[in-house]
Amino acid sequence: MESIYDPQKIEAKWQERWAEQKLFESEVDAARKKYYVLEMLPYPSGDIHMGHVRNYTIGDALARYMWMKGYNVIHPIGWDAFGLPAENAAIKSQRHPSEFTFNHIDRMRGQLKRLGISYDWRREVATCVPEYYRWNQWFFIRMYERGLAYRKKSRVNWCPKCQTVLANEQVLSNGCCWRHEETPVAERDLEQWFWKITAYAENLLEDMKELVRWPERVLSMQQNWIGKSVGAEIDFSLNEIGEHLRIFTTRVDTIFGCTAVYLAAEHPLVETLISFSEDPEKMRRDVEGVKASAVRARADANLEKIGVDTGFTARNPFNGESVPIWVANFVLMDYGTGAVMAVPAHDERDFEFSVKHNLPIRIVIVPRNGNVPEKVEAAYTEFGPHGKLINSGPYNDLTPEQAIERMTRDAESKGFGKGTVKYRIKDWGISRQRYWGTPIPIIYCDACGIVPVPDKDLPVLLPPDVKLTGQGQSPLASVPEFVNTRCPNCNGRAHRETDTMDTFVDSSWYFYRYTSPHISTSPIDRDAVKYWFPVDQYIGGIEHAILHLIYMRFFTKVMRDIGLVDFPEPVARLFTQGMVIKDGAKMSKSKGNVVDPMESFAKYGADTVRLYILFAAPPARDFDWSDSGIEGASRFLNRTYRLVVKYASQLTSSPTHIDGEAEKSKWDLNQVSPEERRLIRKTHQTLRHVTEDLEGRWHFNTDVAMVMELVNELSELEDAIEAGKIRPEILKDSLEILILMLSVFVPHAAEELWEGLGKSQSTLRVPWPQYDSAYAAEDELEIPVQVNGRLRGKVRASVSVSDEELRRLAQAEEKVAQFLNGRQVIKIIVVPGKLVNIVIR
RNA sequence: GCGGGGGUGGCGGAACUGGUAGACGCAAGGGACUUAAAAUCCCUCGGCCCGCAAGGGCUGUGCGGGUUCGAUUCCCGCCCCCCGCACCA
């Protein structure tokens with residue numbers, strides 16, 4: 001053992017030894033319980049950043065703890081290796097994206113190894129190699145066969161910086177690109193491949209009940225994103241031109257209060273109405289005005305509601321009433337049918353709009369026992385559970401709930417409407433007009449049309465020599481050898497699809513591949529997946545709540561439906577860690593507030609960085625990096641190291657050995673010295689806290705604080721130890737427990753100290769010690785005594801004293817007696833072990 | 001507007017089911033060691049007040065109420081900050 005703490009030397013030594021011992025390698029072993037720890041795989045950008053360090057340090061603490069608990073732990077890592085940054089760098093320097101990617105992977109692998117995370121490197125996966133991406137293609141074809149992949153021309157989001165299409169999930173709420181947070185996306189009409197995630201909308205919602213150990217926040221974001229609403233579609237007939245207009249509503253019960261119908265400016269019927277109108281020119285201008293403001297409204301939710309009366313009317317099938325048709329800027333074409341009925345009395349927007357345009361307002365729902373208001377001041381949306389319909393013909397007196405059911409049924413039987421469910425989520429557009437991604441395995445044949453590449457011809461390899469321009473054309477289109485091919489059906493001339501897949505496809509199933517990274521006959525080895533899945537703990541950033549985390553759930557459902565897996569959800573428990581902040585802002589190169597992990601490792605060692613990151617804030621919260629904070633962590637490690645080395649050298653080779661249950665009741669607390677008792681108590685209190693916390697609460701900052709307290713205690717007992725008041729075997733037990741706890745947070749230093757105690761086995765192979773509740777209890781309690789809720793004194797009492805005795809002691813306490821002097825005691829409250837409160841008049 | 005999370009010393013943060021608020025650490029101030037510095041060690045450290053001192057009093061967890069012997073914690077009503085969604089009919 002090193003006698004002074006030299007992290008560089010110690011960390012290098014143990015990283016080498018761990019690799020030699022294959023310490024982190026695990027295999028399927030049906031006899032043992034498994035535990036799958038997964039962290040979100042990094043994009044190989046070139047260097048790890050503090051966010052990575054935080055993510056992987058949290059995962060590593062858990063993985064090491066689970067190893068020590070005796071689980072067969074799988075802890076893999078890989079690379080999300082396709083994507084734009086490498087392609088853009090390649091364009092700049094006229095080199096190949098793979099060159100950047102593999103250089104970066106090598107570099108970052110080295111950095112992760114320097115951090116000493118317990119990865120099984122044999123399972124490493126890079127998504128940009130044919131061995132991996134051929135299975136993306138295989139999945140594409142399975143989707144195609146099942147009607148889940150389709151091609152359509154549609155309006156898509158185009159990022160001018162990425163020079164490619166984005167999925168809806170990749171557009172931020174401010175209308176900008178997820179990668180370029182200040183670049184607004186444009187719209188383009190393109191032929192694109194889509195995956196039918198909408199077919200799983202209900203399933204994705206429903207299975208959230210399985211995700212009880214996911215953060216509420218993520219679930220609610222996904223729920224929002226899927227955006228289910230149950231309602232009805234009702235056909236209004238157009239009086240003047242003899243067509244139908246279908247509106248969507250969730251409140252069909254209010255339809256007798258309908259005073260108008262609103263159309264989105266983009267609604268196809270608007271063109272028809274223009275052509276039938278008396279002054280088409282003027283109307284077109286008006287509609288264009290509404291459309292322009294609708295575009296603005298997307299950026300500004302408070303934009304004024306404007307609209308234009310088309311002069312045409314629609315007939316409400318329920319009451320035969322004709323109401324005016326307006327084009328309104330707040331009606332969305334891409335939700336529902338792009339047409340809504342206006343019920344100003346019971347909808348805030350309709351109310352606002354009607355007041356502004358002097359449209360009539362008719363109340364159709366009132367509280368069951370309430371009166372009809374004389375004048376409507378605002379939209380009356382709170383019906384309560386006991387509302388009832390009025391002014392609604394045959395439906396009067398029904399509750400809204402009953403009315404919805406009856407009216408929907410009637411609309412269906414009379415053929416002018418039906419109950420329906422709408423979702424906000426749209427299909428996943430996966431085509432990208434870029435090079436560095438998975439080629440879409442489709443062939444277009446003049447004779448046969450769209451033909452998927454047969455499985456036997458997979459993978460469709462990415463041609464190596466391609467001119468990359470970043471000018472928005474699919475680079476593969478410029479490679480004739482790639483494009484021109486033969487039709488697998490008729491062998492006639494054909495050409496290949498030249499778009500590549502969204503890189504989120506790659507990350508939708510990588511965690512399955514870890515369990516059998518090189519299998520060549522199938523994307524996954526079912527037996528391996530059966531053993532290792534589900535992922536027990538997934539750890540990553542919140543930014544993927546409705547990107548990766550919804551795609552991966554979708555993928556698993558498809559895999560289930562094609563018989564690859566037999567469970568609905570891949571991840572049992574999700575943890576989203578907070579961001580690493582510096583000087584109040586997210587670390588970023590542009591802000592110049594980046595702290596380079598490698599520099600910190602060089603200065604302090606990886607253990608110190610880990611310790612600081614875990615100590616500075618609870619992992620779920622954001623934390624602000626402070627340069628002086630890490631000094632504190634460094635001081636603590638140095639101090640601890642010195643102390644343990646010193647005590648270890650004083651210990652004879654006593655035969656104690658920490659071994660699970662054996663820790664319990666090892667010492668009779670009545671037979672040990674006060675100093676020994678103090679040490680045993682503190683040790684077990686710390687162990688109890690750390691154990692319970694690792695089991696789920698995950699406030700690692702408090703664990704580290706408790707360990708610091710234990711070290712402080714050991715330090716304060718220094719004189720007693722030197723004076724022989726603490727027997728070596730008791731000291732040794734404490735040190736062993738301390739080191740085993742440290743091994744979760746600062747593994748290298750812990751290994752070195754462990755070895756210094758004469759141990760030959762890695763801490764990871766030693767069972768996690770069990771705490772003894774009797775030891776962890778307070779020794780002699782100092783119990784506060786309150787008089788009327790105010791602290792007036794303290795009594796010392798042993799744990800075993802009875803409440804009755806405690807009452808007597810408390811009243812006898814000198815300072816308390818002063819307050820009691822002659823006054824009537826009404827009652828005495830005893831909280832065992834906590835306090836005594838004497839209530840007097 | 002809806003959903004989620006917050007508001008505690010100069011700072012990061014403790015206080016697990018209501019029970020001595022401020023653990024642990026950072027910063028700061030004072031001291032020891034040293035020719036000096038670094039490192040290390042010791043002391044002080046929410047605010048106000050009384051005391052030479054040991055010690056003691058009051059006040060204090062965003063604001064206002066309530067329940068309780070006792071509230072950072074529970075209830076009611078507000079204010080502010082962060083994140084997500086947002087004219088979804």
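A note on names: the letters A, B, ... follow the listed sequences, proteins ahead of strands, and every chain is numbered from 1.
Listed candidates were B:U20, B:G13, B:A89. Nearest to the side chain of A:P784 is B:U20. For A:L332, whose side chain is taken as the heavy atoms from C-beta onward, the closest listed nucleotide among B:A14, B:A89, B:G19 is B:A89. Listed nucleotides: B:U40, B:C83, B:G19. Nearest to the side chain of A:R217: B:C83. Among the nucleotides B:G3, B:A89, B:U40, the one closest to any side-chain atom of A:F330 is B:A89. Considering only the side chain of A:N224, B:G84 comes nearest among B:G13, B:G84, B:C41.
The shortest side-chain heavy-atom distance between A:N316 and A:F236 falls under the 4.5 Å cut-off.
B:G13 makes up no base pair with any nucleotide shown, lacking Watson-Crick or G-U wobble contacts both under 3.5 Å. If you check B:A71 for Watson-Crick or wobble pairing at under 3.5 angstrom, you find it has no partner at all. Using N1 to N3 plus N6-O4 or O6-N4 for Watson-Crick, or N1-O2 and O6-N3 for G-U wobble, each under 3.5 Å, B:A28 pairs with B:U44.
Counting any heavy atom pair closer than 4.0 Å across all strands shown, A:P618 reaches sugar-phosphate atoms only and no base atom.
When the P atom of B:C42 is taken as reference, atom CG of A:D719 falls 11 Å away, rounded to whole Å. Going from atom NZ of A:K305 over to atom C1' of B:A89 covers 12 Å, rounded to whole Å. What separates CD of A:E216 from P of B:G6 is a distance of 12 Å, to the nearest Å. Atom pair A:N638:CG and B:U40:C1' shows a separation of 11 Å (rounding to whole Å applied). Atom CD in A:Q223 sits roughly 11 Å away from atom P in B:G4 (whole-Å rounding). Computed from coordinates, the A:Q577 CD to B:C83 P distance equals 17 Å when rounded to whole Å. Summarising the geometry, the separation between CZ on A:R621 and P on B:C83 is reported as 16 Å, rounded to the nearest angstrom. Taking atom CZ of A:R424 as the reference point, atom P of B:A89 lies 11 Å away to the nearest angstrom.
Rounded to the nearest Å, the gap between the C1' atom of B:G66 and that of B:C49 is 31 Å. For the P atoms, the distance from B:U8 to B:C45 is 22 Å, rounded to whole Å. B:A36 and B:G25 are spaced 29 Å apart, taking the P atom of each and rounding to whole Å. Annotation: B:G18 and B:C80 have their P atoms spaced 30 Å apart (nearest Å). If you take atom C1' in B:G6 and the same atom in B:G62, they sit 11 Å apart, rounded to whole Å. Here the separation of B:U73 from B:C16, taken at their P atoms, is 12 Å to the nearest Å. Between B:C76 and B:U68, the distance separating the two C1' atoms is 16 Å to the nearest Å. Taking atom C1' in both B:A27 and B:A15, the straight-line distance is 23 Å, to the nearest Å.
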Would you list the protein and nucleotides 22-26 of chain B atom pairs, both N or O, that sit under 3.5 Å from each other?
from	atom 1	to	atom 2	distance (Å)
B:A23	O2'	A:E709	OE2	2.9
B:G25	OP1	A:N712	ND2	3.3
B:C26	OP1	A:R635	NE	3.0
B:C26	OP1	A:R635	NH2	2.7
B:C26	O2'	A:S628	OG	2.9

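A cation-pi arrangement is present between A:R424 and A:W225 under the rule of less than 6.0 angstrom and at most 45 degrees off the ring axis. Because its NZ or CZ atom is not both nearer than 6.0 Å to the ring centre of A:Y335 and within 45° of the ring axis, A:K422 does not count as a cation-pi partner of that residue.
Between A:Y262 and the phosphate of B:A89, there is no side-chain N or O to OP1/OP2 separation shorter than 4.0 Å. For A:R697, no side-chain nitrogen or oxygen approaches OP1 or OP2 of B:U17 to under 4.0 Å.
In this structure B:G9 sits in the syn conformation; its chi angle is within 90° of 0.
Between A:V340 and A:I829, the one whose closest nucleotide on RNA chain B sits nearer the 5' end is A:I829. Between A:W225 and A:Q786, it is A:Q786 whose nearest contact on RNA chain B lies nearer the 5' terminus.
Within the structure, every pair that satisfies the salt bridge (charged side-chain N to carboxylate O under 4.0 Å, His left out) test and touches residues 625-643 of chain A, not counting sequence neighbours, is listed here: A:K582-A:D627.
The ring-ring contact (aromatic ring centres under 6.0 Å, His included) test applied to A:F353 returns A:Y262, A:W326, A:F330, A:H357, not counting sequence neighbours. In this structure A:F416 satisfies the ring-ring contact (aromatic ring centres under 6.0 Å, His included) test together with A:F318, sequence neighbours excluded. Partners of A:A403 according to the side chain to side chain contact (heavy atoms under 4.5 Å, CB included) rule, which considers only residues two or more places apart in sequence or in another chain, are A:D253, A:L389, A:L398, A:M407. Applying the ring-ring contact (aromatic ring centres under 6.0 Å, His included) criterion to A:Y641, with sequence neighbours excluded, gives A:Y5.
Checking A:Y771 against A:Q685 by side-chain atom types alone, no donor-acceptor pair falls below 3.5 Å.
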